[in-house]
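The structure under discussion appears below in the form of structure tokens.
Bear in mind that the values here come from a model prediction, so they are computed numbers and not experimental data.
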Amino acid sequence: MLTKEELPECPVATTVQLIGNKWKLLILRDLIYNGAQRFTDFVKTIPGISKKVLTDNLRALESDGLLEREVFAEVPPRVVYSLSDLGKTLKPILDAMFDWGTDYKNSL
């Protein structure tokens, strides 16, 4: 997790730094609207994402405290990703983006 000193001074820039790429937003979308997900679930629902890019973004979101990774001691190992309590606070942002996108598409 980044320290306050490492984050931009502007709150909007901070938000963009944490969730502002296409892949992170789509990962968060899946977790917010579909609940806990496995790695293969993301691969199926996020077209065009490579496994490496997915892994990197999942690690970044976990490092920033926005999602949690639970590993089950099974063979083969099962890993489930879910939103942390902090990650759940992003729901209003994603809801607003969903509503805005819907309104925009309907206005065309």
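- Contact of the Leu28 side chain with the Leu67 side chain is not registered, since no non-hydrogen atoms from C-beta on lie closer than 4.5 Å.
- The two residues Val71 and Val79 come nearest to each other via the heavy atoms CG2-CG2, 4.0 Å.
- By the criterion of side-chain heavy atoms lying less than 4.5 angstrom apart, applied directly or through intervening Ile, Leu, Val, Met, Phe, Trp or Tyr residues, Val53 is grouped together with Leu61 in one hydrophobic cluster.
- Here the CG atom belonging to Leu31 is positioned 10.5 Å from the CD atom belonging to Glu68, to the nearest 0.5 angstrom.
- By the rule that hydrophobic residues join a cluster once side-chain heavy atoms approach within less than 4.5 Å of another member, Trp100 and Leu108 end up as members of one cluster.
- Distance check, rounded to the nearest 0.5 Å: CD of Glu6 to OG1 of Thr14 gives 11.5 Å.
- Within 6.0 Å of CZ on Phe72 lie more than 12 heavy atoms contributed by other residues, nucleotides or ligands.
- At least one donor-acceptor pair closer than 3.5 Å links the side chain of Thr45 to the backbone N or O of Asp41.
- Without hydrogens or angle criteria, Ser84 side chain to Gly65 main chain gives a donor-acceptor distance under 3.5 Å.
- Leu7 and Ile19 fall into different hydrophobic clusters, where Ile, Leu, Val, Met, Phe, Trp and Tyr residues are linked whenever their side-chain heavy atoms come under 4.5 Å apart, directly or through other members.
- Of all the heavy atoms in Met97 and Leu25, the pair that sits closest is CE-CD1, 3.9 Å.
- Hydrophobic clustering places Val43 together with Ile46 (ILVMFWY residues linked when any side-chain heavy atoms are closer than 4.5 Å, directly or through intermediates).
- A single hydrophobic cluster is seen to contain both Leu86 and Ile32, as judged by linkage of ILVMFWY side chains at heavy-atom distances under 4.5 Å, directly or through other members.
- Across every non-hydrogen atom of Ala36 and Val80, the tightest pair is CB-CG1, 3.6 Å.
- Across all their heavy atoms, Lys51 and Phe39 have their closest contact at O-CZ, 3.7 Å.
- Nearest approach of Asn57 to Lys24, heavy atoms of both residues: OD1-CG, 3.2 Å.
- Separating the CD atom in Gln37 from the OG atom in Ser82 is a distance of 10.5 Å, to the nearest 0.5 Å.
- For Tyr33, the OH atom sits in a packed shell: over 12 heavy atoms of surrounding residues, nucleotides or ligands are nearer than 6.0 Å.
- Between the side chain of Thr15 and the backbone N or O of Pro11 there is at least one donor-acceptor pair closer than 3.5 Å.
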**Asked** Going through the checks in order, is the side-chain contact (heavy atoms from CB on, under 4.5 Å) test met by Leu58 and Tyr81?
**Response** CA-CA 8 Å; Leu58 287 169; Tyr81 298 91; 3.7 Å; yes
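- Annotation: the span from Ile49 atom CD1 to Leu26 atom CG amounts to 7.5 Å, rounded to 0.5 Å.
- Side-chain contact between Thr55 and Phe42 is absent, with no heavy atoms from C-beta onward closer than 4.5 Å.
- Heavy atoms from other residues, nucleotides or ligands lying under 6.0 Å from CD of Glu74 number more than 12.
- Looking only at distances, a side-chain donor or acceptor of Asn21 sits under 3.5 Å from a matching main-chain atom of Trp23.
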